[in-house]
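Along the sequence shown, residues are numbered consecutively beginning with 1.
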Amino acid sequence: TYISDFNAWGNCQTLMQDYLALAKEKMMEKIKVSANQKKTTVMMEKYNDINVKLRDLNLEIAKLYGAFMTFKDKLPFFNQNCVTS
């Protein structure tokens, strides 16, 4: 009976190590997937921030252009030759 108990314990030990190796492999896969998802999320947030800044810059350029056009409309007699270096 001791030998059969020892063999059963050995089989149980082998089965336990197989399951632990499988669990470790699955956990590593999950960690890699999670890390890639987080990296993608961070990149999307950075692109969104850049997009907001570009939108603000575009608005400022449009305001500046509007100011120049207003200036031009108010001074129709302004001659290019009046500007010196």
Side-chain angles (χ1 to χ4, degrees):
T1 60
Y2 289 118
I3 293 181
S4 64
D5 288 345
F6 183 73
N7 287 337
W9 184 81
N11 290 338
C12 182
Q13 189 72 1
T14 302
L15 187 62
M16 183 182 72
Q17 287 177 353
D18 290 345
Y19 276 114
L20 284 173
L22 182 62
K24 181 179 178 181
E25 184 180 323
K26 292 294 180 183
M27 191 162 85
M28 291 301 290
E29 287 177 20
K30 181 69 175 170
I31 289 170
K32 287 178 184 177
V33 167
S34 178
N36 285 335
Q37 288 173 342
K38 288 178 183 178
K39 197 182 302 181
T40 300
T41 301
V42 167
M43 290 302 292
M44 288 301 296
E45 288 174 356
K46 288 185 180 202
Y47 285 138
N48 286 336
D49 289 344
I50 291 170
N51 199 24
V52 167
K53 289 177 182 178
L54 286 173
R55 185 176 54 232
D56 293 345
L57 179 62
N58 191 32
L59 182 61
E60 290 301 317
I61 290 171
K63 287 179 183 177
L64 186 60
Y65 178 78
F68 279 125
M69 289 299 108
T70 300
F71 181 74
K72 178 183 170 191
D73 292 342
K74 289 184 178 181
L75 297 171
F77 59 87
F78 188 74
N79 189 343
Q80 185 177 0
N81 295 329
C82 293
V83 180
T84 58
S85 304

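- At most 12 heavy atoms of other shown residues, nucleotides or ligands fall within 6.0 angstrom of atom CE in Met27.
- Summarising the geometry, atom CD belonging to Gln13 is positioned 10.5 Å from atom CG belonging to Asp18; distances are rounded to the nearest 0.5 Å.
- Dense packing is recorded around CE of Met16, with more than 12 heavy atoms of other residues, nucleotides or ligands lying under 6.0 Å away.
- Atom CG of Asp56 and atom CG of Asn51 lie 10.0 Å apart (nearest 0.5 Å).
- Note: Leu64 CG to Leu57 CG = 10.5 Å, rounded to the nearest 0.5 Å.
- Side-chain contact check for Arg55 versus Val52: some heavy-atom pair is nearer than 4.5 Å.
- Contacts classified as salt bridge (Lys or Arg N to Asp or Glu O under 4.0 Å) and involving residues 27-51 (residues at least two apart or in different chains) are not found.
- From Tyr65, atom OH reaches atom CG of Asn58 across 13.5 Å, with rounding to the nearest 0.5 Å.
- The salt bridge (Lys or Arg N to Asp or Glu O under 4.0 Å) analysis of residues 57-70, with sequence neighbours excluded, yields the pairs Glu60-Lys63.
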